[in-house]
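Below, chain A is the first sequence line, B the second, and so on; all start at residue 1.
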Number of protein chains: 2
Amino acid sequence: MKIRPPTIKDVAERAACGIATASRVLNGRGSTSEKTREKVLAAAAELGFEFSDLGRSLQSSTTRTIGCVVPSLANPVFADVVQAAQAEANRAGYQLILACSDYDAELESRAIRTLLAKQVDGLIVTVSNVDDSEGLQQVTARGVPCALVYNRPCEGFPAWTVDNRAAAAAVAREFSQLGHRHTGFLALEFGRSDRSRERFEGFAEACATLGMAPPVLLEIAEQEGQLLELLRALLAANRDVTGIFASNDYLALAAMKAARGLGMRIPQDLSIVGFDGISTGLMVEPNLATVVTDPRAMGEGAARTVLARLAGKTPPARPDPSRTFSFRQGGSLGPPLPGNTDGGEAATSPPSRQ
Amino acid sequence: MKIRPPTIKDVAERAACGIATASRVLNGRGSTSEKTREKVLAAAAELGFEFSDLGRSLQSSTTRTIGCVVPSLANPVFADVVQAAQAEANRAGYQLILACSDYDAELESRAIRTLLAKQVDGLIVTVSNVDDSEGLQQVTARGVPCALVYNRPCEGFPAWTVDNRAAAAAVAREFSQLGHRHTGFLALEFGRSDRSRERFEGFAEACATLGMAPPVLLEIAEQEGQLLELLRALLAANRDVTGIFASNDYLALAAMKAARGLGMRIPQDLSIVGFDGISTGLMVEPNLATVVTDPRAMGEGAARTVLARLAGKTPPARPDPSRTFSFRQGGSLGPPLPGNTDGGEAATSPPSRQ
DNA sequence: GTGAAAGCGCTAACAA
DNA sequence: TTGTTAGCGCTTTCAC
């Protein structure tokens, strides 16, 4: 059974004083006689009084609340982002309201709308597409401070993100140096994430520049729990590929497992590079080569940016794009077998081996 | 710059009608003439009006908001719990306010207090210690519906949890059957998690029953980034142990890695069993044997329970304790080398813990 | 069918 | 120093 929490009115009544006096005492503002002070404090204690933020918020039109929308918490990258943002917000006396969009633009804009209705003071979001986000338009219309995370900066929204294209290009360079010519880009929910697309584009561009074959786009339509089977099929159908760049580490690890299931050796038969730098990449054998990013820094930075705007201070500087990632070597990346190196320009026609 | 969002008053003014009428139209309640209906709708559209939940909440003394407190999102188990709870809450038109306690009782009760002040309608929490939680007392005092997750049930708080003791006993049985006699229990933050303690106790008890040596408690005091070093030291100092039960999968994976670093073969030289059943356990070679739990079901169940109480319906039944986990075989668990099986009864003397 | 007014919990301006 | 009052955005009687 819900108990009606005592209000400041109850306190005032019990202390036999006016509401305003109670408010002053409880807030430690204004001047009050020692006697009434004590009476009020006693009354509050006896009643177990706690302020209701609702009344306060309505009156101050500020909720000390920040909305946060990320695609999913199942991805440790976003879990870290949220955790860091939450910690930072807390430190400033703000609460975080969370919503997951599940990589769905519709859910995403609905979430933003709801958060806005709740009068959040600020917003931290990762949208699926910055260029066409109904949610962001709403935000603009309302003039609520908002920072993007892992999205490209966009018309007045500061973004804490990694330079996806540059990072992808770095991966291409690694592959190239080792002698890979036929690579694939592995992605889940490709159409639903502009991050993925940027990585692919950056990768493809660099491959072209480096004189490698255009990377094959290995796209997976998520089928609950079918991941490994799908991956195996995909790998089996693309035997000419000697190196795979996965759009995230989890996928990369899954690909390693699938490859092993097909009897392929890593990295001799197939090199794999991930993206994100989650710690489990270091737990597997061989270690996963990957692009390391710093999700906590992103989350914290985004929170600071929003908080700064709220406080009227100047927001923290965002890191230089080239510093937003680093390439981490790992046993999953090595030179292709000699036989594969010069797979030939005809590689597109007959699958080299079956 | 923050824009003052249009209020229902603005709409009424623009539609040249009373506030009450605007409210009725916008809420689709009560009867209104077609003409005013259109005027109001038009005004609202032109103004880009959206209800403010603040006023509504104050008025209805309900926020359609649920507070959620978990130790950390870095642990995928809790990330899943939160994600599932959030999804379920959303489905019912509720929002989730998140707080992480960082395994700190102080932060935990502060978080609960703040959430309560925000007038959350319900609460979903994992506390560090159900028997001594200031936060839970507050909750009781306020009579707010609250479900526990991964905690033991407690004086009126329904808990969605796994039977830690039974699960741990099952692990002991597996070890025993394979011929292990000297095992260790590996835990991080042991003192800060009653879950860990229950697992250890259940494990120790079962070991005793099965005639095995008492498990060595291998406790790690988290040192940012030092995990592997500490693990290696711990393993090196406990060579007589043939099997390790880790209090969570992440730790188990780290232990596998550390063991490999010491040149130990898994499972011949050391068997390792985890707890949780996170998917990366299946990505490593050999696969991690573990206790599989269902965090999403826990989060969803907890949310349903709270939501049901809020709706005055009967809450969903919680699963039978024996169904809350299942043991998953994996290559990380095997029989010890013959030479190790009868490693000797002196194992208890050298100070295994300090 | 419609609008005025009270009230949800709180703070701030103004009187006393 | 203290109390009264208006008002934050909204819903809901209750007259009209």
Original post:
Out of D:dG9, D:dC8, D:dG3, which nucleotide sits closest to the side chain of A:Cys17?
Top reply: D:dG3
Original post:
What's the shortest heavy-atom distance between B:Ala16 and B:Lys39, and which atoms?
Top reply: O-NZ, 4.2 Å
**OP:** Indicate, with a heavy-atom threshold strictly under 4.0 Å, whether B:Gly55 touches base, sugar-phosphate, or nothing.
**Re:** base
Original post:
Sub-3.5 Å donor-acceptor pair from the side chain of A:Thr126 to the main-chain atoms of A:Val149, do we have one?
Top reply: yes
Original post:
Among the nucleotides D:dC8, D:dG9, D:dT11, which one has an atom lying closest to any side-chain atom of B:Lys9?
Top reply: D:dC8
Subject >> Nucleotide nearest B:Arg4 (side chain, heavy atoms from C-beta), chosen from C:dC10, C:dT2, D:dG9 >> reply: D:dG9
Subject >> Residue among A:Val40, A:Ile19, A:Val25, A:Thr21 satisfying side chain to side chain contact (heavy atoms under 4.5 Å, CB included) with A:Val11 >> reply: A:Val40
**OP:** Give me the residues of residues 27-37 of chain B where at least one heavy atom lies under 4.0 Å from an atom of DNA chain C, by number, or none.
**Re:** B:Ser31, B:Thr32, B:Ser33, B:Thr36
**OP:** Consider the side chain of A:Ala20, meaning its heavy atoms from C-beta on, and name the nucleotide among C:dC10, D:dG9, D:dT4 that approaches it most closely.
**Re:** D:dT4
**OP:** Please determine, by modelled atom types, if A:Ser57 and A:Asp53 share a side-chain donor-acceptor pair under 3.5 angstrom.
**Re:** no
Subject >> Distance test, side-chain N/O of B:Ser23 to OP1/OP2 of D:dT11, below 4.0 Å >> reply: yes
**OP:** Among D:dT11, C:dA13, C:dT2, find the nucleotide with the atom closest to the side chain of B:Phe51.
**Re:** D:dT11
**OP:** Could you tell me whether the phosphate oxygens of D:dT11, OP1 or OP2, come under 4.0 Å of any side-chain nitrogen or oxygen in B:Ser60?
**Re:** no
**OP:** Heavy atoms only: give me the nearest A:Thr32-A:Arg37 pair and the separation to one decimal.
**Re:** OG1-CG, 3.5 Å
Subject >> Note: A:Glu13-A:Lys9 ion pair, threshold 4.0 Å (strictly below) >> reply: no
Original post:
Which nucleotide sits closest to the side chain of B:Thr21: C:dG9, C:dT2, D:dG3?
Top reply: C:dT2
**OP:** Please state whether the phosphate of D:dT2, meaning OP1 or OP2, lies under 4.0 angstrom from any side-chain nitrogen or oxygen of A:Arg24.
**Re:** no
